[in-house]
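First the structure, in the form of structure tokens, and then the observations on it.
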Amino acid sequence: MINQKDILSTIQMIQQQHLDIRTVTMGISLLSCSDESIERACDKIYDKICRYAQKLVPVCEDIEIELGIPIVNKRISVTPIALVAAACSSADYAPFADALDRAAKNCGVNFIGGFSALVQKGMTDADRNLINSIPDALSRTDLVCSSVNVGSTRSGINMDAVALMGRVIKETAEKTKDRDGIGCAKLVVFCNAVEDNPFMAGAFHGTGEPEKVINVGVSGPGVVYNALKDIRKEPLDVVAETIKRTAFRVTRVGQLVAQEASARLDTPFGIVDLSLAPTPAIGDSVARILEEMGLEVCGTHGTTAALALLNDAVKKGGVMASSSVGGLSGAFIPVSEDEGMIAAARCGTLCIDKLEAMTCVCSVGLDMIAVPGDTPAETISAIIADEAAIGMVNNKTTAVRVLPTPGTRVGDTVKMGGLLGDAPVMGVHRESSADFIARGGRIPAPMHSLKN
Amino acid sequence: MNAIITVVGKDRVGIIAAICVKLAEFNINVLDISQTILHGSFTMVMAVDIAQANTAFNKVAEGLKELGEDMGLSIHIQREEIFDAMHTI
């Protein structure tokens, strides 16, 4: 029989330290749904998603009960809609979002991702149509998430798309201003987007993926935090070792859930994403882990180093625990979704410039950050460009998900509720970046993209 | 197929008896029991065989949870695999 102490430690992790499976995400290819008629295409999309994902939620609920571990989200990701919609004669793609929303509601999932376009090197007509449809699509649906990839290490940064996305984010905030600009919480701009990410808002089902696939995202900041409480004042290599061991355990649960879900849904297992994803709940915060390492408040000097250690140790511990690791795999630092980050931002220690530095060493980027409602579109584009440059040069995924909720000022709080949390509005530099963004064109790929 | 039942709460007369009666109703065989008093609370871990159970897993879990609520205990049943996965390589 398994050691009683181990059994009780597992129970404690689940019941007191918020150990959970953050998401089981079914990826579904919609490439077979293209049609010249948008109505027919939407019908095909709805039917296919419902057919494939009908059992997703009940199966996950069974696994939750049998293994005794909560699976917080059940989600669907689909082929970037710009690819599926390219055959349509219509230029307004919002009906695709309606079809996705209806299918997601029918299947009972929490979110559906893939209202997306990949434009790192240039935009097709369909990509442009999709991007122009984003504000409308996100304002009239509840569960649809959208992402746009504007850069990559291989291709450089498409600055025309960066400029466009600044305007699209502003417009999305405006269209959903009666709901605190929530549309922007479902819209993320990527550099080096990954094809098998199970986390929202950036999940989509890449073209290199199979017909359908199960990807699992694990969580567990609370477990890491509690493990570190036992080793106060020990050197940092002991900290790294402790995080590794904890990440191993957490990831093994993810692997087990992924295998079970894959077998029961007769769907191939894709990857486990080793991300440390926080929630707004007390005791489930990445910021508090950094503070437990010895920082008075997250965001002060030393934060980037502490985060680098955490991110690396999570990967090293997790990689041995799963047969296939992918997605984003690292520590997340979404401000509104992390109780410690919210507190650090409120007291002014955590600012947007420090967050940008932190994104150099972790996954993913400037995530769930509220900025003043009067922030110009060009400034948002410039923030995107900075993040994309970090991703491009460092060969990693970076992302921007900012919330310029109309009418908000520094010091206000944007209340999203639920897992999305509350975002304190953070200041941005007032000096203009408009002329830089207006240039458009492309930032060429860095020297080290030439690997062949 | 094995599962692990954990029982945590205030010690009293008849905890093991009540749980075993419930398990017998479900036709679940007890393989091993270990118990201890941890930080002042009664803590019991049972390994059980659920292969011959006459009731679906979720109903068993529900039944044990209700029994726990009646007795002021926290009772959980989980498949053994989760502990194997987390604590063995």
Side-chain angles (χ1 to χ4, degrees), chain A residues 1-17 19-21 57-71 216 218 220 223-224 227 244-264 272 317-323, chain B residues 1-9 11 16 19 26 28-51 53 55-69 73-89:
Chain A
M1 187 167 150
I2 307 149
N3 183 326
Q4 182 173 354
K5 199 169 134 249
D6 290 341
I7 291 175
L8 294 174
S9 86
T10 301
I11 303 282
Q12 202 174 26
M13 284 181 196
I14 295 170
Q15 289 178 3
Q16 287 160 27
Q17 299 166 10
L19 172 63
D20 55 43
I21 298 297
V57 173
V59 160
C60 288
E61 285 171 351
D62 285 348
I63 295 172
E64 276 182 272
I65 292 171
E66 288 177 30
L67 295 179
I69 179 129
I71 300 174
V216 167
V218 301
V223 184
V224 174
K244 261 167 65 179
R245 284 183 197 186
T246 312
F248 174 82
R249 295 204 169 109
V250 169
T251 310
R252 288 278 283 205
V253 181
Q255 171 78 12
L256 178 64
V257 168
Q259 281 167 338
E260 285 283 334
S262 154
R264 294 185 196 194
V272 174
V319 82
M320 189 179 152
S322 172
S323 56
Chain B
M1 192 163 50
N2 291 355
I4 302 287
I5 297 174
T6 48
V7 184
V8 180
D11 199 8
I16 297 181
I19 292 170
F26 294 135
I28 290 174
N29 186 30
V30 178
L31 302 172
D32 194 1
I33 298 183
S34 76
Q35 73 160 82
T36 176
I37 303 290
L38 201 71
H39 307 305
S41 43
F42 171 83
T43 308
M44 179 170 73
V45 176
M46 301 173 95
V48 296
D49 179 4
I50 54 172
T55 313
F57 193 98
N58 59 347
K59 296 286 177 206
V60 172
E62 220 170 88
L64 289 171
K65 190 165 170 259
E66 279 167 15
L67 176 68
E69 281 162 7
L73 300 165
S74 151
I75 307 182
H76 288 90
I77 180 166
Q78 287 158 280
R79 271 174 40 201
E80 192 180 38
E81 284 96 321
I82 186 165
F83 304 102
D84 273 334
M86 282 181 84
H87 300 287
T88 56
I89 295 177

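Below, chains carry the letters A, B, ... as their sequence lines are ordered, and counting in each starts from 1.
In terms of heavy-atom pairs under 4.5 Å with chain B, the best-connected choice from A:Glu260, A:Gln255, A:Met13, A:Glu61 is A:Glu260.
Residues passing the side chain to side chain donor-acceptor pair (under 3.5 Å) test with A:Gln17: none are found, sequence neighbours excluded. Residues that satisfy the side-chain contact (heavy atoms from CB on, under 4.5 Å) test with A:Ile71, not counting sequence neighbours, are A:Ile21, A:Val24, A:Cys60, A:Ile63, A:Glu64, A:Lys74, A:Val257.
A:Arg252 places no side-chain N or O within 3.5 Å of a backbone atom of B:Met86 that could act as its donor or acceptor partner.
Heavy atoms only, all atoms of each residue included: A:Ile65 and B:Phe57 are closest at O-CE2, 3.5 Å.
Contacts between B:Asn2 and chain A at a heavy-atom distance below 4.5 Å are absent for every atom of the residue. In this structure, the portion of B:Ile77 lying under 4.5 Å from any heavy atom of chain A is its backbone and not its side chain. Contacts of A:Leu67 with chain B are made by both backbone and side-chain atoms, with heavy-atom separations under 4.5 Å. For A:Ser9, the part sitting under 4.5 Å from any heavy atom of chain B is the side chain, from C-beta outward, and nothing else.
Annotation for B:Ile37: atom CD1 counts as buried by contact number, over 12 foreign heavy atoms lying within 6.0 Å.
Rounding to the nearest 0.5 angstrom, the gap separating the NE2 atom in B:His76 from the OG1 atom in A:Thr10 is 13.0 Å. Note that CD1 of A:Ile7 is 12.0 Å distant from OG1 of B:Thr43, once rounded to the nearest 0.5 Å. The distance from atom CD1 of A:Ile14 to atom CD1 of B:Ile82, rounded to the nearest 0.5 Å, is 4.5 Å. The distance from the CD atom of A:Gln4 to the CG atom of B:Asp32 is 9.5 Å, given to the nearest 0.5 Å.
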